[in-house]
Trainee: 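One structure coming up, written as structure tokens, with questions to follow.
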Amino acid sequence: MKECKSAENFTISTPEEQQTVQEEEISPDAGGIKETGSVTVKKNGHLIHCLTVIGQIEGHYILPVQNKTTKYEHVIPQLVAIEESNEIEGLIIILNTVGGDIEAGLAIAELIAGMEKPTVSLVLGGGHSIGVPLAVSAKKSFIAPSATMTIHPVRMNGLVLGVPQTLSYFDKMQERIVRFVCENSGITSEKFRSLMMATGELVMDVGTVLDGEAAVDTGLIDSLGGLSDALGCLYQMIESKASEKGE
């Protein structure tokens, strides 16, 4: 008669535990996806980081819980860590944002523009308002044909003092955005201002909506493309940089 094996040699996992194990096997950074919408992946020996900018960019004030937000206090440390990492070789930024806090968005854009590592941005759905500087902050920018970008003047909600100093403040903030966009893309300041101040495009508003092809034609975005195009460009930039260093 065969001996029965002891039950101590077997373990029974619950469905919840099995799901956790499956998630860990599928995703290299499941916690990062859930908490910050970011993930780090490796392919062909190259490690890249994917950062998503979605919903509304949250600045100094906390937005309502029903709003999809990108918190700048989460993004800024990530960018610093990516730039200083010895393993991560490149960054891809996926954008689908309605805009948000101007200073927070511009701060993130300045950090991305100042990175030494290869960076590529991809606009999916929309890259509106302060999302425009974020889209052009990468070394190479892509936009999906169906995506759109809204360009409009600086606006402010809440109580505004009707004094000349307020208008001067708006003008200076708008100038910061125009200068950054033009320095990091192929569009001229005159063209960007004309799109920003157009009156026949938006209902009850001032500005212009550009689809993917129009954004490329104006020089705002470098190329039309999708995820594979953006990733292919990023890997090419990484390999080119490695060859320059003789690695």
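All residue numbers refer to positions in the sequence shown, counting from 1.
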Trainee: Taking only residues two or more places apart in sequence or in another chain, which ones pass side-chain hydrogen bond (donor to acceptor under 3.5 Å, both in side chains) with D229?
Mentor: none
Trainee: Just by distance, do the side chain of T97 and the backbone of G55 share a donor-acceptor pair under 3.5 Å?
Mentor: yes
Trainee: Please answer: with hydrophobic residues joined when any side-chain heavy atoms are less than 4.5 Å apart, are L224 and V132 in the same cluster?
Mentor: yes
Trainee: Can you tell me how far the OH atom of Y72 sits from the CG atom of L106, to the nearest 0.5 Å?
Mentor: 13.0 Å
Trainee: List the steps and the verdict of side chain to side chain contact (heavy atoms under 4.5 Å, CB included) for E103 and M173.
Mentor: CA-CA 9 Å; E103 290 191 342; M173 182 172 290; 4.0 Å; yes
Trainee: Can you name the closest pair of heavy atoms from A135 and S121 and give their distance?
Mentor: O-OG, 2.6 Å
Trainee: Which heavy atom of I130 sits nearest a heavy atom of G105, and at what distance?
Mentor: CG1-CA, 3.8 Å
Trainee: Report the C-alpha distance between R179 and F192 in whole Å, list the side-chain angles of each, state the deciding distance to 0.1 Å, and finish with yes or no for side chain to side chain contact (heavy atoms under 4.5 Å, CB included).
Mentor: CA-CA 10 Å; R179 184 171 61 250; F192 189 72; over 6 Å; no
Trainee: Could you tell me whether a side-chain N or O of T150 sits under 3.5 Å from a main-chain N or O of H128, the two making a donor and an acceptor?
Mentor: no
Trainee: To the nearest 0.5 Å, what is the distance between OG1 (T69) and CG (D101)?
Mentor: 12.0 Å
Trainee: From N86 CG over to L47 CG, what is the distance, rounded to the nearest 0.5 angstrom?
Mentor: 11.5 Å
Trainee: I'd like to know if the side chain of D222 and the backbone of S141 have a donor-acceptor N/O pair within less than 3.5 Å.
Mentor: yes
Trainee: Got a salt bridge between E116 and K139, using NZ or NE/NH1/NH2 to carboxylate O under 4.0 Å?
Mentor: no
Trainee: If we only count heavy atoms from C-beta on, is the L231 to K43 side-chain gap below 4.5 Å?
Mentor: no
Trainee: I would like to know whether R176 and I102 meet side chain to side chain contact (heavy atoms under 4.5 Å, CB included); could you show each step before the answer?
Mentor: CA-CA 10 Å; R176 291 162 57 192; I102 293 175; over 6 Å; no
Trainee: Keeping to residues at least two apart or across chains, list the salt bridge (Lys or Arg N to Asp or Glu O under 4.0 Å) pairs with something in residues 44-69.
Mentor: E58-K71
Trainee: How long is the span from the NE2 atom in H49 to the OG1 atom in T40, to the nearest 0.5 Å?
Mentor: 4.5 Å
Trainee: Is there a path of hydrophobic side-chain contacts, each under 4.5 Å between heavy atoms of I/L/V/M/F/W/Y residues, joining L167 to V206?
Mentor: no
Trainee: Any sub-3.5 Å donor-acceptor pair from N96's side-chain atoms to G126's backbone N or O?
Mentor: yes
Trainee: Between S85 (side chain only) and I82 (backbone N and O only), is there a donor and an acceptor less than 3.5 Å apart?
Mentor: no
Trainee: Just so I know, are the side chains of M197 and P153 near enough to count as touching, which here means a heavy-atom distance under 4.5 Å?
Mentor: yes
Trainee: Rounded to the nearest 0.5 Å, what's the gap from CD on E190 to SG on C182? Could you check?
Mentor: 8.0 Å
Trainee: Could you pull out the closest heavy-atom pair between A144 and L124, with the gap in Å?
Mentor: CB-CD2, 3.7 Å
Trainee: Hey, any chance I112 and I76 share a hydrophobic cluster, counting ILVMFWY side chains that come within less than 4.5 Å of each other, even indirectly?
Mentor: yes
Trainee: Check for me, please, whether I92 and V41 land in the same ILVMFWY cluster - side-chain distances under 4.5 Å, paths through other members count.
Mentor: yes
Trainee: Where is the tightest heavy-atom contact between P145 and D211, given as atom of each residue plus distance?
Mentor: O-CB, 4.5 Å
Trainee: Taking CD in Q236 as the centre, count heavy atoms belonging to other residues, nucleotides or ligands within less than 6.0 Å. Is the count above 12?
Mentor: no
Trainee: Are side-chain heavy atoms of E175 and R193 found at a separation under 4.5 Å?
Mentor: yes
Trainee: If I take atom CD from residue Q174 and atom CG from residue D171, how far apart are they, to the nearest 0.5 angstrom?
Mentor: 6.5 Å
Trainee: Tell me whether E83 contacts the main-chain N or O of M115 through its side chain, where contact means a donor paired with an acceptor under 3.5 Å.
Mentor: no
Trainee: Should I57 and I54 be counted in the same cluster of Ile, Leu, Val, Met, Phe, Trp and Tyr side chains packed under 4.5 Å apart?
Mentor: no
Trainee: With salt bridge (charged side-chain N to carboxylate O under 4.0 Å, His left out) as the criterion, how do K117 and E84 come out once you've worked through the C-alpha distance, each side chain's angles and the decisive distance to 0.1 Å?
Mentor: CA-CA 10 Å; K117 291 187 177 180; E84 290 298 300; over 6 Å; no
Trainee: Using the six-membered ring wherever Trp is involved, compare the ring planes of Y235 and H46 and label them parallel, tilted or perpendicular (cut-offs 30° and 60°).
Mentor: tilted
Trainee: Dump the intermediate steps for side chain to side chain contact (heavy atoms under 4.5 Å, CB included) on V136 and F180, then the final yes or no.
Mentor: CA-CA 9 Å; V136 304; F180 180 88; 4.2 Å; yes
Trainee: Between T70 (side chain only) and V53 (backbone N and O only), is there a donor and an acceptor less than 3.5 Å apart?
Mentor: no
Trainee: Restricting to non-hydrogen atoms, name the atom on A215 and the atom on I143 that form the minimum distance, rounded to 0.1 Å.
Mentor: CB-CD1, 4.2 Å
Trainee: Please examine the side chains of S137 and E110, heavy atoms only from C-beta on, and report whether any two atoms are closer than 4.5 Å.
Mentor: no
Trainee: Could you report the tightest heavy-atom contact between Q56 and G100, atom names first, then the distance?
Mentor: CG-CA, 3.8 Å
Trainee: Has S185 got a side-chain atom pairing as donor or acceptor with I221's backbone, closer than 3.5 angstrom?
Mentor: no
Trainee: So, the side chain of T208 versus the backbone of A198: is there a donor-acceptor pair under 3.5 Å, distance only?
Mentor: no
